[in-house]
Amino acid sequence: MDQVKGNMEMLGSMQLTKDMAGMDAESKELLRNKEVLAVILQEVVAEYKGYSREEVMEFIEPDTVTDEKEVSPGRTNSKVVGDSAEFAALNEKVSYFDLAFRARNPDLSTETMRVSLHVDVEAQKTYRPGYPVEKRGIYYLARRLSAQLSLLTETTDYDQLEKCYSIWICREDIPQKMKYSVSVYEITNTEETSPCRIPKATYDLMTLVVIKLGDAVYNGKEEDEHYELLHFLSMIMYPHKEGFVEQVSRYIDFSGNQDLQKEVQRMSGLGESIYKEGKEKGWEEGKEEGKAEGKEEGREEGIQALILDNLEEKIPMEKILAKLQKRFHLTKEKAEAYYQKYTQEETPV
């Protein structure tokens with residue numbers, strides 16, 4: 001089984017997306033994890049065919065992962081090389097890549113020379129936003145390609161250009177016949193009258209991948225093309241279902257040490273049961289005192305677990321307070337009181 005080793009940060013991201021309603025900040029946070037990216041890249045990046053997920057993880061350059069690269073003309077390049085002269089189209093609306101990074105191209109790299117792939121991954125809630133997603137994807141590819149060069153001069157070396165991938169994950173508004181499918185668009189040589197063919201690496205510079213999900217339940221078969229990818233995304237890009245931890249462990253192994261195992265148990269046992277009980281059933285008045293006390297104790301444990309987990313992941317206080325208010329139906333003042341209580345308990349004397 002082709003698994004990668006999971007860590008605390010990965011678990012924290014999965015806890016954040018446990019009940020997400022759509023392609024929001026939590027889903028982008030999840031996609032930042034190399035363990036998730038490895039599953040996606042292994043399936044859709046041609047250069048990574050035949051490599052294990054662990055190897056693909058090693059190809060990703062972690063220091064380049066960002067969601068702050070601008071897409072608009074005259075802007076993207078300033079984020080790459082800091083050339084303020086690229087700020088030309090000042091009146092244009094600014095767009096940002098969801099997640100942009102570089103990864104090693106094993107086909108072209110050598111021991112003495114590193115060649116990269118330039119990748120952006122876009123979490124798109126709807127496949128029908130009012131324009132073809134494919135056109136937007138090609139535009140993003142063009143921007144990522146042009147951003148690799150500084151200002152154009154007579155001495156510009158176009159041989160420096162490296163291949164770009166734009167990967168779009170669409171979740172809703174998928175036509176029935178397109179649900180749970182993968183489309184790949186790339187530059188190809190469709191006609192050649194010369195007896196000599198130009199090497200593919202010369203023009204193979206842009207690939208667009210559109211992954212279309214669909215209903216919350218994926219009923220594909222293991223022999224289906226891209227089954228692993230679609231099965232994996234159907235678990236992590238929707239609210240978690242029963243048996244989530246066991247299912248995702250097929251791809252990410254959390255059994256490496258005792259601390260990880262405790263976190264898995266908390267997420268699949270205590271955290272899930274408290275949250276589900278509190279949100280779906282509530283704490284109805286008039287119940288027997290013993291049951292009410294036990295439920296309130298469990299509720300407070302859940303609040304404590306959420307605060308400590310998010311502190312460990314360095315989530316800002318404002319976001320933690322918002323989660324407390326939403327998940328446990330607290331007032332802002334009550335959420336702040338719980339935050340102060342459990343952060344003080346964790347502060348060393």
Exercise. Would you kindly confirm whether Leu108 and Leu41 end up in one hydrophobic cluster when ILVMFWY residues are joined by side chain heavy atoms under 4.5 Å apart?
Key: no
With a 3.5 Å cut-off and sequence neighbours excluded, list the donor-acceptor pairs that the side chains of residues 195-205 form with protein atoms.
unit_1, atom_1, unit_2, atom_2, d
Thr202, OG1, Pro199, O, 3.2
Asp204, OD1, Lys163, NZ, 3.4
Asp204, OD2, Lys163, NZ, 2.9

Practice problem: Could you pull out all residues at least two apart from Lys314 that satisfy side-chain contact (heavy atoms from CB on, under 4.5 Å)? | Solution: none
Quiz item: With Ser116, which residues qualify under side-chain hydrogen bond (donor to acceptor under 3.5 Å, both in side chains), at least two apart?
Solution: Glu61
Exercise. Give every residue pair that meets the ring-ring contact (aromatic ring centres under 6.0 Å, His included) criterion with at least one member in residues 301-322, sequence neighbours excluded.
Key: none
Self-check item: With Gln160 via side-chain contact (heavy atoms from CB on, under 4.5 Å) - residues at least two apart
Solution: Leu149, Asp157
Practice problem: Check side-chain hydrogen bond (donor to acceptor under 3.5 Å, both in side chains) between Gln325 and all other residues, then give those that pass, not counting sequence neighbours. | Solution: none
Quiz prompt | Partner of Glu35 under side chain to side chain contact (heavy atoms under 4.5 Å, CB included), chosen from Leu37, Asn33, Val39 | solution = Asn33
Quiz item: Quick one: salt bridge (Lys or Arg N to Asp or Glu O under 4.0 Å) pairs with a partner in residues 328-339, sequence neighbours left out?
Solution: none
Practice problem: Please list, chain by chain and in numerical order, all residues satisfying side-chain hydrogen bond (donor to acceptor under 3.5 Å, both in side chains) with Gln42, sequence neighbours excluded. | Solution: Asp2, Arg53
Quiz prompt | Residues in salt bridge (Lys or Arg N to Asp or Glu O under 4.0 Å) contact with Glu222, at least two apart in sequence or another chain | solution = Arg250
Quiz prompt | Residue pairs involving residues 165-202 (criterion ring-ring contact (aromatic ring centres under 6.0 Å, His included); sequence neighbours excluded) | solution = Tyr140-Trp168, Tyr180-Tyr218
Quiz item: Between the side chains of Asn310 and Lys323, does any donor sit under 3.5 Å from an acceptor?
Solution: yes
Quiz prompt | Residue list, side-chain hydrogen bond (donor to acceptor under 3.5 Å, both in side chains) with Glu192, at least two apart or on another chain | solution = Asn189
Quiz prompt | Listed partners of Tyr48 passing ring pair (Phe, Tyr, Trp, His ring centres under 6.0 Å), at least two apart | solution = Phe59
